[in-house]
Number of protein chains: 2
Amino acid sequence: MSAPQPAPRQRRKEARPGELLAAALDVFVEKGFAAARLDEIAQRAGVSKGTLYLYFESKEALLKAVVQESMVPLIAEGEDLAAQAASDPAATLQHLVTRWWREIGSTKLGGIPKLVMAEAGNFPEVAQFFFENVVLRGQALFRRVAETGIAQGVFRPCEPMLICDLAIKPLIFNHMWCQSFAHCDTSAIDPEVYLHAHLDVLLNGLLTHPHPTSPLPEHPQK
Amino acid sequence: MSAPQPAPRQRRKEARPGELLAAALDVFVEKGFAAARLDEIAQRAGVSKGTLYLYFESKEALLKAVVQESMVPLIAEGEDLAAQAASDPAATLQHLVTRWWREIGSTKLGGIPKLVMAEAGNFPEVAQFFFENVVLRGQALFRRVAETGIAQGVFRPCEPMLICDLAIKPLIFNHMWCQSFAHCDTSAIDPEVYLHAHLDVLLNGLLTHPHPTSPLPEHPQK
DNA sequence: TTAGTTACTGACTGTTTAGTCAGTATTGGC
DNA sequence: GCCAATACTGACTAAACAGTCAGTAACTAA
């Protein structure tokens, strides 16, 4: 039986915010915003709850900061990439979707929309912030590609925002679904298989002259 | 200034459960499960909180009862309808989706998946109950249609569950989205327009020999 | 009218947790 | 080594809320 020595205190002003945000992301995604306890976030970051309040004003401000720091840079990066106009809208659409999967859908960041949407009614400011800084800017990326594709006659003519919604919403939802029912849905389709099937059917349904596509998966799960 | 006369007490053993469930559905969908207060549910049903506990064991049991009473009958109804085998799988798929929209997507019942998914981590029993009694049975409906369609060569060959997921998940999510961002997304696409565009692109992308389809909407919102 | 039954009430309890702050311990300058 | 300056702590508080139960009043049958 060793004496329960209290962990030695450290002063690390620079590193704290990042560590707290990382811990907060973990706990928020695991438990949801309401059920996340600030004590647990602090503990995972290796500090006490008091320290949390040295860096963030409130629980809500912490969530806002998580969104700000983790999602907004990715959007900004996407905007830079999209600025280099690609000539092939179908390929660009595929590229954007794939990038979403790599950067967000396959990481714990994918849990943020669920978080924000679940609490949108109780914390409208967070929802608004997310909507303006992530959703609208993300939609703009897709929208430009859709407009180009329609103008070129590659995509069937329609409201560009439709293409945007049809392309990305199913994937966000599938992530939420898998996250929520992981313990129930033992024979769920692998999210990456879903991603490819979705892209295939989407493009096939959207293109004016569908390419011959690879066959859809017959037995996605072993 | 009238005297604040306490509303006269009433004894209505038969009607209470239904009224409480209706009030609970309202408040759960509005606030989410965690943020819903039992006092408010009771108040909306015109009773006190104590009465609530005469009819339901706990808050969690109340949610389970809401799912049981509002969703399960609809699934059962759908199973009856699907038992009358339809010869045209594409039309049947369209019919199932449209029925989902009419009975669930366009009503407050559409808020239940959001509710259950948001709290799945904290109340796994509720998620399990929903999954087994609603999701699995709903999937089975779609799956049978998908299998028939593939066997007839009407749908492209693939894992039938994929068709099921591709057909319904986007719609569930779009409902959640609109509900969550109603106050932010002032130029959102009308859900019914989204429904038709989705069905169009889905079938176009899924059929081995796509029908000539009506054009996609150009300006869905006025 | 009265007495018995029970649906219903609402004040109360216990618990949980966001947010506070007086005090402590580490650091860096001298 | 000593002394600020300040990053950090954790016990505390106030509030919110699920769940309880002794008491109340609506109904019923005789």
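Every chain is numbered from 1, with letters handed out A, B, ... down the list of sequences. A quick note: this is a predicted structure, and the numbers were derived from the prediction, not measured.
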Flag if over 12 foreign heavy atoms under 6.0 Å of CD, Glu77(B): yes

Basic-acidic side-chain contact under 4.0 Å: Arg44(A), Glu40(A): yes

Over all atoms of both residues, closest heavy-atom pair of Pro170(B) and His198(B): CG-CE1, 3.6 Å

Watson-Crick and G-U pairing of DNA chain D written in dot-bracket, each distance under 3.5 angstrom, with | for inter-strand partners: ||||||||||||||||||||||||||||||

Spacing between Leu62(B) atom CG and dG19(D) atom P, to the nearest angstrom: 10 Å

Glu14(B) CD to dC27(D) C1', straight-line distance once rounded to whole Å: 14 Å

Approximate separation, where rounding is to 0.5 Å, of Ile189(B) CD1 and Cys164(A) SG: 8.0 Å

Geometric class of the Phe181(B)/Phe131(A) ring pair [parallel <30°, tilted 30-60°, perpendicular >60°]: tilted

Value in whole Å for how far the P atom of dT17(C) lies from CD1 of Ile41(A): 12 Å

Distance in angstrom units between Arg11(A) CZ and dT9(D) C1', rounded: 12 Å

Residue-phosphate contact under 4.0 Å: Ser48(A) side-chain N/O, dT9(D) OP1/OP2: yes

Closest to the Arg9(B) side chain, choosing from dA25(D), dT20(C), dC8(D): dA25(D)

Interatomic distance where CD belongs to Glu60(A) and C1' belongs to dT17(C) [whole Å]: 16 Å

N/O donor-acceptor pair under 3.5 Å between His196(A) side chain and Glu192(A) backbone: yes

Residue-level proximity of residues 29-38 of chain B to DNA chain D when a heavy atom falls under 4.0 Å: Ala36(B), Arg37(B), Leu38(B)

Separation of dT9(D) C1' from Arg16(A) CZ (nearest whole Å): 11 Å

Salt-bridge criterion met for Lys108(B) and Glu30(B) (N-O under 4.0 Å): no

Atom CD of Glu79(B) with >12 non-hydrogen neighbours under 6.0 angstrom: yes

Mutual orientation of the aromatic rings belonging to Phe173(B) and Phe173(A) [parallel < 30°, tilted 30-60°, perpendicular > 60°]: tilted

Nucleic acid contacts of residues 18-27 of chain B, taken as heavy-atom distances under 4.0 Å to DNA chain C: none

Which nucleotide in dT20(D), dT9(C), dT26(C) has an atom nearest any side-chain atom of Val47(B): dT9(C)

Among Val66(B), Val134(B), Asn133(B), side chain to side chain contact (heavy atoms under 4.5 Å, CB included) partner for Met71(B): Val134(B)

Any side-chain donor near an acceptor of the partner, Asn122(A) and Lys31(B), under 3.5 Å: no

Between dA15(D) (C1') and Lys59(A) (NZ): distance, integer Å: 14 Å

Base dG10(D) paired with Lys49(A) side chain (donor-acceptor, <3.5 Å): no

Sugar-phosphate, base or nothing in reach of Tyr55(A), heavy atoms under 4.0 Å: sugar-phosphate

Test item: Lys114(B) side-chain N/O and Met117(A) main-chain N/O as donor-acceptor pair under 3.5 Å: yes

Residue met sooner reading DNA chain C from 5', once Lys13(B) and Glu57(A) are mapped to nucleotides: Lys13(B)

Length of the CG-P vector between Leu52(B) and dT20(D), whole Å: 12 Å

Of Gln10(B) and Tyr53(B), the one whose closest DNA chain D nucleotide lies more 5': Tyr53(B)

